[in-house]
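All ligand and atom numbering here is 1-based and tracks the order in the structure.
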Amino acid sequence: MRVAVVGGTGSFGQAVAKRLVDAGVEIVIGSRDAERAREAAAALGAEGANNDDAVRSVDLVLFAVKADAAVDTARDLRQSIGSTPVLSVCSELVFGPGGVKPAPEATSIAKRIQDELDAPVVAGLHSLAASNLAEALTDEDAFVCGDDAEAKELALDLAGRLVSGRAVDCGPLASARALEGMTAVIVNVNKRYKAHAGLRITGFE
Ligand SMILES: NC(=O)c1ccc[n+]([C@@H]2O[C@H](COP(=O)([O-])OP(=O)(O)OC[C@H]3O[C@@H](n4cnc5c(N)ncnc54)[C@H](OP(=O)(O)O)[C@@H]3O)[C@@H](O)[C@H]2O)c1
């Protein structure tokens with residue numbers, strides 16, 4: 001499998017890319033700046049390119065840009081992505097004195113990205129923390145949702161290479177609103193309990 005990580009210079013993109021390279025996945029790190037991408041990629045044994053070039057000729061585009069830039073970035077990359085499936089890991093967080101909250105928007109970022117693209121968009125990996133992923137395969141489940149069966153299978157395959165738990169199909173893209181909110185839950189738990197929390201679903205093998 002060949003995967004482009006858009007925004008792959010960030011902490012999440014780097015951590016995911018590291019695990020996937022170890023798992024034998026061909027990775028192209030994408031950035032707005034090709035040189036920055038190449039530098040970040042070299043440390044991982046991956047390729048680097050500007051985002052436009054990175055998303056061409058891959059099996060899956062992993063969208064790991066800063067959340068508030070995700071929808072605009074999708075719009076900019078529409079032609080280059082074409083019909084290649086996209087996995088959005090983006091979660092919008094609002095930081096305040098009472099803790100971290102999910103963004104108040106009624107629709108998920110994944111749905112808003114879907115509205116900008118001709119490609120099928122699935123969402124997932126929101127409950128995995130970059131700091132956990134950067135160390136080793138993490139002992140938790142990974143959650144993926146989406147409306148396109150083939151794109152979701154691809155994303156589940158990829159998710160299964162990141163965790164020692166299960167890659168769990170969480171249903172249609174409408175579930176992305178809940179999955180994106182999980183990032184806020186994890187950040188609050190980590191802060192409250194000084195932890196490196198992850199999630200596991202019980203009740204099925
Ligand atoms: N960090 C986590 O543990 C975690 C957990 C779950 C989900 N996520 C999600 O994963 C995504 C990446 O997280 P992160 O912590 O790695 O984020 P980040 O470091 O803030 O940003 C990732 C990359 O986004 C690109 N970027 C920044 N501003 C941009 C803009 N205005 N337009 C286009 N690209 C821009 C940058 O790449 P270039 O400057 O090289 O283009 C940057 O390296 C986020 O959407 C986040 O919600 C993160």
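In the candidate list A130, G8, A37, A15, A130 is nearest to atom 3 (O) of ligand 1, counting heavy atoms. Summarising the contacts of atom 46 (C) of ligand 1 with G30, S91, A184, the nearest heavy atom is found in S91. Of the listed residues (R32, H126, M182), the one carrying the non-hydrogen atom nearest atom 27 (C) of ligand 1 is R32.
Near S31, the atoms of ligand 1 lying under 4.0 angstrom from a non-hydrogen atom of the residue are 38 (P), 40 (O), 41 (O). For ligand 1, the atoms closer than 4.0 angstrom to any heavy atom of S11 are 1 (N), 14 (P), 15 (O), 16 (O), 19 (O). Below 4.0 Å from some heavy atom of G7 lie the following atoms of ligand 1, by number and element: 22 (C), 23 (C). Close contacts of ligand 1 with T73, meaning ligand atoms under 4.0 Å from a residue heavy atom, involve 32 (N), 33 (C). Close approach to A64 involves these atoms of ligand 1, each under 4.0 Å from a residue heavy atom: 11 (C), 12 (C), 22 (C). Within the listing of ligand 1, atoms 5 (C), 6 (C) sit less than 4.0 angstrom from a heavy atom of L128. Close contacts of ligand 1 with G10, meaning ligand atoms under 4.0 Å from a residue heavy atom, involve 16 (O), 19 (O), 22 (C), 43 (O). With ligand atoms numbered from 1 in the order given, ligand 1 contributes 29 (C), 30 (C), 31 (N), 32 (N), 33 (C) to contacts under 4.0 Å with heavy atoms of A69.
Contact annotation: for A67 versus ligand 1, heavy atoms closer than 4.0 Å belong to both the backbone and the side chain. Under 4.0 Å from ligand 1, not a single heavy atom of Q14 appears. With a heavy-atom cut-off of 4.0 Å, T9 touches ligand 1 through backbone and side chain alike. In K66, the parts holding a heavy atom less than 4.0 Å from any atom of ligand 1 are both the side chain and the backbone.
Heavy-atom minimum distance, A40 versus T9: CB-CG2, 4.0 Å. For A119 against V86, the heavy-atom pair with the smallest separation is CB-CG2, 4.4 Å. In plain terms, the two heavy atoms of A54 and I29 that are nearest each other are CB-O, 4.3 Å. Here the closest heavy-atom approach between residue R2 and residue S57 is recorded as NE-O, 3.1 Å.
One finds a salt bridge joining R75 and E116 here, because a Lys/Arg side-chain nitrogen approaches an Asp/Glu carboxylate oxygen to under 4.0 Å.
Cation-pi contact between R166 and F204: present, with separation from the ring centre below 6.0 Å and deviation from the ring axis of at most 45°.
Close N/O approach between T183 and ligand 1 is not found [any backbone or side-chain N/O within under 3.5 Å].
For atom 19 (O) of ligand 1, a protein non-hydrogen atom is found at a distance below 4.0 Å.
The shortest contact between atom 7 (C) of ligand 1 and any protein heavy atom is with V89 O, 3.2 Å. Among all protein heavy atoms, the one lying closest to atom 13 (O) of ligand 1 is F12 CB, 3.7 Å. In terms of protein heavy-atom proximity, atom 44 (C) of ligand 1 is closest to V65 O, 3.2 Å.
Between F63 and V5 there is no side-chain heavy-atom pair separated by less than 4.5 Å. Two residues are said to be in side-chain contact when any heavy atoms from C-beta on lie closer than 4.5 Å; E140 and L128 meet this criterion. Using a 4.5 Å heavy-atom cutoff, the side chains of D141 and L199 are not in contact.
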Could you walk me through whether E39 and R36 satisfy the salt bridge (Lys or Arg N to Asp or Glu O under 4.0 Å) test, starting with their C-alpha distance in whole Å, then the side-chain angles of each, then the deciding distance to 0.1 Å, before giving a yes or no?
CA-CA 5 Å; E39 273 172 28; R36 190 157 58 236; over 6 Å; no
Does E105 form a side-chain hydrogen bond (donor to acceptor under 3.5 Å, both in side chains) with T107? I'd like the steps, not just the answer.
CA-CA 6 Å; E105 273 74 9; T107 54; over 6 Å; no
Apply salt bridge (Lys or Arg N to Asp or Glu O under 4.0 Å) to residues D22 and R19 and explain how you reach the verdict.
CA-CA 5 Å; D22 284 355; R19 291 280 73 79; 3.0 Å; yes
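With no hydrogens or angles considered, no side-chain donor-acceptor pair links S83 and D118 at under 3.5 Å.
Under a 4.0 angstrom heavy-atom cut-off, A70 registers as lying outside contact with ligand 1.
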